[in-house]
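Beneath this line is the structure, given in structure tokens, with notes to follow.
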Amino acid sequence: MPIDADTYRSTLGLWATGVTIITACAGDEIHGMTASDFAGVSLEPPLVMVCADKKANTLGVIEKGRNMCVNLLASGQDALSNKFASKKEEWTRFDGLECATARTGAPLIPGALASLDCEIVAMHEAGDHVIVIGQVEHVVQGEGDPLLYFAGSYRGLAEGAGS
Ligand SMILES: Cc1cc2nc3c(=O)[nH]c(=O)nc-3n(C[C@H](O)[C@H](O)[C@H](O)COP(=O)(O)O)c2cc1C
């Protein structure tokens, strides 16, 4: 391997991202996890992608149900992000959340900046992850600023930065 794993991880951490919670349903089963490896892929047709660890339990539900809803988190939702990332008592992730149901049946995370409800059209293995491609069937837009993630910490937008 040309670089060591720690250097690789910390370097990827220098790529600032938003934060999403990916939800999915298969029959009565719902599940969801925090993910920042999300991107738009195509405008026509409207395709998005998420990169999920092969060990993520959410991946099994996505595969079974052939759906996912990508919820873009808003500033102030860092505790929710941590909850959906923690393996501790993961069955309590949806406790206390009043989730509406997206058209595919996946839960919509309340307070999200936007939710993109998708049918799965392809899954590609890539190393220890799977690239999940979803066709966006419906979107819901909320309001607010995004929750950002950089170098292992949550961040917010800084007014006037970048100008
Ligand atoms: C800010 C943040 C971003 C994350 N991004 C991803 C990601 O893009 N893909 C992934 O597989 N896991 C990602 N994770 C880790 C998962 O959320 C974590 O492994 C989770 O416990 C998986 O849940 P599950 O096994 O119940 O599906 C991220 C965690 C955090 C805190």
Side-chain angles (χ1 to χ4, degrees), residues 5-42 47-97 99 101-102 104-118 120-136 142 144-158:
D6 287 345
T7 307
Y8 177 57
R9 263 177 183 274
S10 65
T11 305
L12 285 187
L14 299 177
W15 178 241
T17 66
V19 184
T20 78
I21 291 176
I22 311 295
T23 59
C25 84
D28 288 344
E29 187 183 6
I30 58 165
H31 202 60
M33 70 167 194
T34 301
S36 54
D37 292 344
F38 160 73
V41 171
S42 160
L47 301 177
V48 296
M49 58 141 277
V50 171
C51 234
D53 193 316
K54 284 182 180 168
K55 291 197 212 102
N57 295 322
T58 307
L59 192 55
V61 183
I62 291 173
E63 259 179 324
K64 264 192 274 170
R66 305 298 296 176
N67 63 67
M68 68 176 173
C69 185
V70 182
N71 300 273
L72 312 183
L73 296 189
S75 96
Q77 291 190 303
D78 40 320
L80 203 57
S81 170
N82 285 338
K83 193 170 183 190
F84 276 78
S86 170
K87 296 282 185 193
K88 210 173 120 203
E89 301 185 335
E90 59 185 86
W91 58 91
T92 65
R93 284 178 187 172
F94 287 96
D95 287 4
L97 284 182
C99 294
T101 304
T104 58
L108 291 165
I109 298 293
L113 263 192
S115 300
L116 299 92
D117 189 25
C118 306
I120 304 306
V121 293
M123 297 178 85
H124 303 290
E125 283 196 29
D128 56 7
H129 278 57
V130 174
I131 301 167
V132 181
I133 312 243
Q135 176 157 318
V136 182
D145 287 338
L147 179 63
L148 304 179
Y149 197 68
F150 176 71
S153 302
Y154 295 106
R155 310 285 178 126
L157 289 180

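Heavy-atom basis, side chains included; hydrogens, waters and symmetry copies ignored. One-based numbering, in listed order, for ligands and for the atoms of each.
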Within the structure provided, determine whether Cys99 and Leu108 are in side-chain contact (heavy-atom separation under 4.5 Å).
no
Could you report the tightest heavy-atom contact between Cys51 and Ile131, atom names first, then the distance?
SG-CG1, 3.9 Å
When you check ligand 1 against the protein, what N or O pairs turn up below 3.5 Å? List the atom names and distances, or just say none.
unit_1, atom_1, unit_2, atom_2, d
ligand 1, 5 (N), Ser36, N, 3.0
ligand 1, 5 (N), Ser36, OG, 3.4
ligand 1, 8 (O), Ser36, N, 3.2
ligand 1, 8 (O), Asp37, N, 2.9
ligand 1, 8 (O), Asp37, OD2, 3.4
ligand 1, 9 (N), Cys51, O, 2.9
ligand 1, 11 (O), Asp53, N, 2.7
ligand 1, 14 (N), Thr34, O, 3.3
ligand 1, 17 (O), Thr34, O, 2.8
ligand 1, 21 (O), Ala85, O, 2.7
ligand 1, 21 (O), Arg93, NH2, 3.3
ligand 1, 23 (O), Arg93, NH1, 3.3
ligand 1, 23 (O), Arg93, NH2, 3.3
ligand 1, 25 (O), Asn57, N, 2.8
ligand 1, 25 (O), Lys87, NZ, 2.4
ligand 1, 26 (O), His31, NE2, 2.7
ligand 1, 26 (O), Glu90, OE2, 3.1
ligand 1, 26 (O), Arg93, NH1, 2.9
ligand 1, 26 (O), Arg93, NH2, 3.4
ligand 1, 27 (O), Asn57, N, 3.1
ligand 1, 27 (O), Thr58, N, 2.8
ligand 1, 27 (O), Thr58, OG1, 2.6

Are the side chains of Leu59 and Asp53 in contact, using a 4.5 Å heavy-atom criterion?
no
Can you tell which of Thr101, Asn71, Thr104 makes a side-chain hydrogen bond (donor to acceptor under 3.5 Å, both in side chains) with Asp117?
Thr104
Atom NZ of Lys55: over 12 foreign heavy atoms under 6.0 Å:
no
With respect to Ile109, which candidate in Thr23, Ile22, Leu72, Thr20 satisfies the side chain to side chain contact (heavy atoms under 4.5 Å, CB included) definition?
Thr23
